[in-house]
Peer 1: 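Below is one structure. I have some questions about it.
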Amino acid sequence: MAEGSELDGHHRATVEKIFNHPVNHNIQWHDVLSLLEQVAEVVTESDGRYKVTLGAETETFDVPRHRDIDTQQVVDLRRMLKGAGIGPSTK
């Protein structure tokens with residue numbers, strides 16, 4: 001996470017949704033993208049995909065066909081966020 005930055009209430013709610021068990025199927029892409037832009041380096045590639053670097057890990061995400069992200073994207077986000085020390089209890 002960027003030095004000195006904190007997650008606002010909206011971003012904390014998105015993190016909570018990502019870490020919910022069972023997987024929440026109502027996580028909107030624009031909420032995830034907003035969170036990622038706050039905590040990671042996000043680059044829009046020429047093919048419309050998003051390359052996200054968080055800590056030492058880089059992942060490329062496709063924009064979902066519908067407004068909500070899919071289960072695999074949730075799994076990938078959990079791994080990246082957890083690896084960067086971001087979880088449901090992060091302030």
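Hydrogens, waters and symmetry mates are skipped; everything else that's a heavy atom, side chains included, is used. Keep in mind that this is a model prediction, so the values were computed, not measured.
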Peer 1: Rounded to the nearest 0.5 Å, what's the gap from CZ on Arg12 to CD1 on Ile86? Could you check?
Peer 2: 13.0 Å
Peer 1: Just verifying a value: how many Å separate Gln73 CD and Met80 CE, rounded to the nearest 0.5 Å?
Peer 2: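 If we round to the nearest 0.5 Å, Gln73:CD and Met80:CE are 12.0 Å apart.
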Peer 1: Would you say the side chain of Ile27 lies within less than 4.5 Å of the side chain of Leu77, judging by non-hydrogen atoms?
Peer 2: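 Sidechains of Ile27 and Leu77: no contact.
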Peer 1: Please indicate whether His66 has more than 12 foreign heavy atoms, meaning atoms of other residues, nucleotides or ligands, lying under 6.0 Å from its NE2.
Peer 2: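 Counting other residues, nucleotides and ligands, NE2 of His66 stays at 12 neighbours or fewer.
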Peer 1: Under a 3.5 Å cutoff, is there a donor and acceptor pairing between the side chains of Asn20 and Glu16?
Peer 2: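 Absent: no donor and acceptor within the cut-off.
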Peer 1: Membership question, hydrophobic clusters at under 4.5 Å side-chain separation (ILVMFWY): are Val75 and Trp29 in the same one?
Peer 2: no
Peer 1: Atom CG of Asn26 and atom CG of Asp31: how far apart are they, to the nearest 0.5 Å?
Peer 2: 11.0 Å
Peer 1: Are any of the side-chain heavy atoms of Arg78 and Phe19 separated by less than 4.5 Å?
Peer 2: yes
Peer 1: Drop me the distance from Gln38's CD to Thr14's OG1, to the nearest 0.5 angstrom.
Peer 2: 11.5 Å
Peer 1: Just verifying a value: how many Å separate His30 NE2 and Ile69 CD1, rounded to the nearest 0.5 Å?
Peer 2: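 CD1 of Ile69 is found 11.5 Å from NE2 of His30.
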Peer 1: Identify each donor-acceptor pair in which a side-chain atom of residues 39-53 lies under 3.5 Å from a protein atom, sequence neighbours left out, and give them as a table.
Peer 2:
| unit_1 | atom_1 | unit_2 | atom_2 | d |
| --- | --- | --- | --- | --- |
| Asp47 | OD1 | Arg49 | N | 3.1 |
| Arg49 | NE | Asp62 | OD1 | 2.5 |
| Thr53 | OG1 | Thr58 | OG1 | 3.0 |

Peer 1: Which heavy atom in Asn24 sits nearest to a heavy atom in Val74, and how many Å separate them?
Peer 2: O-CG2, 4.4 Å
Peer 1: Specify the closest pair of heavy atoms between Leu54 and Ala84, including all atoms of both residues, with the distance to one decimal.
Peer 2: CG-CB, 3.6 Å
Peer 1: Quick one: does His10's side chain get under 4.5 Å of Leu35's, heavy atoms only?
Peer 2: no
Peer 1: Rounded to the nearest 0.5 Å, what's the gap from CG on Leu33 to CD on Gln28? Could you check?
Peer 2: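 Nearest 0.5 Å value for the CG-CD distance: 12.5 Å.
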